[in-house]
Novice: 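Quick one: structure below, then a few questions.
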Amino acid sequence: MTWVKYFEEPLVKEPIAIVGSPGLRSIGKLAIEFLIKKFQPKLIAELYSEHFPIQHGTIPSYVAHPDYPGQAGVWIHESQITIPKVEFYYLKDPELLLTKGYHANFQGQYEVAKKVLDVYEKFNVKRMIVLAGYGIGNKDVCCAATDIKLIKEMKKYGIETEYEGAFYGFSGLVFGLGKLRGIKGVCLFGRTQPNPEDPEYPDLKVAKILLKKLSAILNISIEDINMNSEL
Amino acid sequence: MDFKIYKEPQLKDPYMVTGLPGIGHVAKISADYLIEELKAELFEEIYSPSFPPYVLISKDGVVELLKNEFYYWKNTKLKNDLIIFTGNVQALTPEGQYEIAKEVLNRAEKFKVKKLFTMAAYVTNKPVTKPKVYGAVTHVELLEELKKYEVIQMDVGGISGTNGLIFGLAKLKNIPAICLLSETPGYVTSSGYAVIDPKAAQSLLEVLCKMLDIEIDLKPIEERVKMAEEFIQQLEEKEKYWRELIRKSTTPSPPKDIYL
């Protein structure tokens with residue numbers, strides 16, 4: 001079962017969803033956490049799922065497999081309890097729905113992505129930007145999109161396509177299933193060096209490069225990025 | 001499960017052909033080739049939560065979900081139209097494979113399919129010069145058809161995954177079905193990927209087209225066969241080299257001097 005708890009239901013126009021989740025060198029996670037910290041948006045909803053393990057059965061966490069469902073549970077931090085979740089934050093200006101994702105196990109990956117898209121539909125999301133990492137190629141940031149028109153649009157920001165192949169996990173499925181529901185979007189991939197010993201070891205430098213490209217697209221100022229201190 | 005319906009075709013006494021990716025991609029290559037040559041039209045897509053949890057980014061940068069697809073082809077010459085079922089993936093779990101197989105057979109019933117042809121690979125685990133085609137049937141009277149087209153009757157063995165389940169569940173639904181299995185060595189690369197085998201698909205298509213009584217140009221697949229053979233040859237040479245290297249490194253060299 002996957003369910004959403006709403007804390008607030010703001011009057012929205014047409015927010016752009018920004019999606020980031022744990023993944024290759026944690027680039028998407030770092031980027032979304034930075035945006036949340038920087039702009040202090042309102043937490044409006046949380047998504048919970050019985051398919052969210054606290055300890056994933058696979059390494060990296062996004063490569064889910066039916067035989068390795070992981071370990072369910074909760075975390076305790078400074079005597080406070082935390083349950084695995086996806087968080088939705090609303091920012092009024094620019095109007096964004098920031099989504100901090102989490103990887104479900106194999107049984108829940110599609111279910112969770114669909115529930116996220118239900119939230120997007122509720123808040124009239126028509127466009128999304130997904131933030132992630134990629135481990136090959138030459139470009140600093142490359143992109144994928146739900147249609148060719150958006151790929152051409154990205155060229156204006158000096159972002160070309162390069163990533164070809166499988167895009168795993170929460171962000172990939174929200175992106176792909178979003179297309180099926182008519183939500184147009186782009187995915188920005190920051191190029192990083194894979195770390196086989198710890199695939200999700202944070203790459204702050206690349207997350208920063210990725211955020212600079214995002215700031216150009218959204219026309220927002222995040223020039224004073226100091227990720228080490230912000231995160 | 002999600003469905004995207006593009007069209008509701010009106011079909012006359014259709015046959016159905018099914019082929020999902022499997023060993024050597026034999027069934028998938030065959031289905032794709034039929035679609036390409038006949039210019040069959042896509043009419044429905046299926047998306048399943050039992051598919052692996054990733055999306056595909058194509059060369060042009062456009063994102064695609066993993067999916068299974070139905071195509072149709074209107075036969076202007078003969079009486080039987082055609083439905084082709086394929087996709088870029090198989091469901092990973094047995095539950096998902098059953099669900100997909102049932103959906104396929106629901107379409108077979110909906111369109112009043114006259115005969116179902118499922119495709120699969122017959123793994124030999126050794127090099128194959130000219131792949132032989134084996135067959136199995138849901139109804140005894142269909143054995144005559146195997147004989148007519150010189151298909152070898154498959155005595156024992158299993159057909160795993162969705163390709164097998166479509167065939168098996170067809171019997172339960174009393175849909176006449178023939179499964180054609182083409183011989184393939186079942187090579188796997190060192191990184192675990194199955195080597196595609198267009199040669200096996202070519203043999204399978206030769207038989208299938210006769211059974212369907214349709215004519216398609218099989219010359220373009222020969223080019224792919226050549227390429228695959230070159231690749232397999234390289235693979236075999238490398239394997240031979242490594243085997244030899246391992247043999248040398250594990251065989252102790254004889255002592256230089258022997259004292260008795």
Side-chain angles (χ1 to χ4, degrees), chain A residues 2 51 58 61-67 103-114 117 128 130 132 134 142-152 154-155 159-187 189, chain B residues 1-7 20-22 25 28 42-70 87-103 160-162 165 189-196:
Chain A
T2 299
H51 303 295
T58 55
S61 60
Y62 45 90
V63 186
H65 191 280
D67 295 342
H103 296 297
N105 57 27
F106 180 86
Q107 280 72 18
Q109 287 251 4
Y110 279 88
E111 184 180 308
V112 166
K114 282 181 188 175
L117 293 166
M128 72 167 99
V130 179
Y134 79 114
C142 66
C143 73
T146 49
D147 60 77
I148 292 283
K149 204 177 158 191
L150 280 171
I151 283 169
K152 283 181 185 162
M154 286 299 104
K155 286 184 197 289
I159 306 169
E160 304 277 343
T161 57
E162 191 176 27
Y163 191 117
E164 189 187 346
F167 177 22
Y168 278 86
F170 176 89
S171 296
L173 289 182
V174 169
F175 189 37
L177 288 166
K179 179 183 174 180
L180 193 63
R181 294 216 195 168
I183 298 175
K184 293 182 181 230
V186 293
C187 180
F189 295 102
Chain B
M1 223 173 323
D2 291 292
F3 307 95
K4 195 170 181 180
I5 300 167
Y6 294 98
K7 210 171 181 178
L20 287 173
H25 277 233
K28 162 81 174 150
L42 176 71
F43 70 94
E44 189 175 351
E45 289 172 347
I46 300 181
Y47 306 91
S48 165
S50 301
F51 290 161
Y54 63 82
V55 291
L56 291 172
I57 309 291
S58 64
K59 202 173 184 178
D60 60 6
V62 176
V63 63
E64 287 296 335
L65 281 165
L66 298 179
K67 59 194 170 190
N68 286 175
E69 302 161 308
F70 290 97
N88 52 15
V89 72
Q90 279 207 36
L92 274 187
T93 62
E95 296 85 353
Q97 290 169 352
Y98 267 91
E99 272 176 12
I100 293 284
K102 283 176 186 169
E103 289 296 337
S160 59
T162 314
L165 287 173
T189 63
S190 53
S191 49
Y193 289 101
V195 176
I196 64 161

Novice: Nearest 0.5 Å, please: how far is OG1 in B/Thr162 from CD in B/Glu99?
Specialist: 10.5 Å
Novice: When rounded to the nearest 0.5 angstrom, what is the spacing between CD in B/Glu44 and CD in B/Glu103?
Specialist: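 Going from the CD atom of B/Glu44 to the CD atom of B/Glu103 covers 8.0 Å.
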Novice: Counting only heavy atoms closer than 4.5 Å, note whether A/Ile151 contacts chain B via side chain, backbone, both or neither.
Specialist: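 Just its side chain gets close to chain B.
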Novice: So A/Phe189 and A/Tyr134, would you call those rings parallel, tilted or perpendicular, with 30° and 60° as cut-offs?
Specialist: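 Perpendicular.
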Novice: Hey, does the side chain of B/Asn88 reach the backbone of B/Leu66 with a donor-acceptor pair shorter than 3.5 angstrom?
Specialist: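 No.
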Novice: What residues of residues 47-56 of chain B make heavy-atom contacts with chain A at a cutoff under 4.5 angstrom?
Specialist: B/Tyr47, B/Ser48, B/Pro49, B/Ser50, B/Phe51, B/Pro52, B/Pro53, B/Tyr54, B/Val55, B/Leu56
Novice: Between A/Leu177 and chain B, which part of the residue has a heavy atom less than 4.5 Å away: side chain, backbone, both or neither?
Specialist: both
Novice: Give a yes or no answer on whether the side chain of B/Asn68 reaches the backbone of B/Val89 with a donor-acceptor pair at less than 3.5 Å.
Specialist: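 Flag set: sc B/Asn68 to bb B/Val89 pair under 3.5 Å.
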Novice: What residue in A/Tyr163, A/Phe175, A/Phe170, A/Phe106 has the most heavy-atom pairs under 4.5 Å with chain B?
Specialist: A/Phe106
Novice: Shorter than 4.5 Å, heavy atoms on both sides: which option in A/Cys142, A/Ala145, A/Ser171, A/Ala64 has the most such pairs with chain B?
Specialist: A/Ala145
Novice: Among the options A/Ile148, A/Val63, A/Val186, pick out the one with the most heavy-atom pairs lying under 4.5 Å from chain B.
Specialist: A/Ile148
Novice: Test A/Thr2 against every option in A/His51, A/Lys114, A/Glu111 by the side-chain hydrogen bond (donor to acceptor under 3.5 Å, both in side chains) rule and name the one that passes.
Specialist: A/Glu111
Novice: Sort B/Lys4 into side chain, backbone, both or neither according to what part of it lies under 4.5 angstrom from a heavy atom of chain A.
Specialist: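 For B/Lys4, the side chain is the part near chain A, not the backbone.
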Novice: Among A/Gly185, A/Ala166, A/Gly172, which residue has the highest count of heavy-atom pairs closer than 4.5 Å to chain B?
Specialist: A/Ala166
Novice: Mind checking the CG-CG spacing from B/Asp60 to A/Asp147? Nearest 0.5 Å is all I need.
Specialist: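 One finds 10.5 Å between CG of B/Asp60 and CG of A/Asp147.
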Novice: Is it true that a side-chain atom of A/Lys179 and a backbone atom of B/Val63 form a donor plus acceptor pair closer than 3.5 Å?
Specialist: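 Yes; judged by distance alone, with no hydrogens or angles, the pair exists.
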Novice: Hey, does the side chain of B/Gln97 reach the backbone of B/Ala91 with a donor-acceptor pair shorter than 3.5 angstrom?
Specialist: yes
Novice: If I measure from the heavy atoms of chain B, does A/Gln109 come under 4.5 Å with its side chain, its backbone, both, or neither?
Specialist: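 Only the side chain of A/Gln109 comes within 4.5 Å of chain B.
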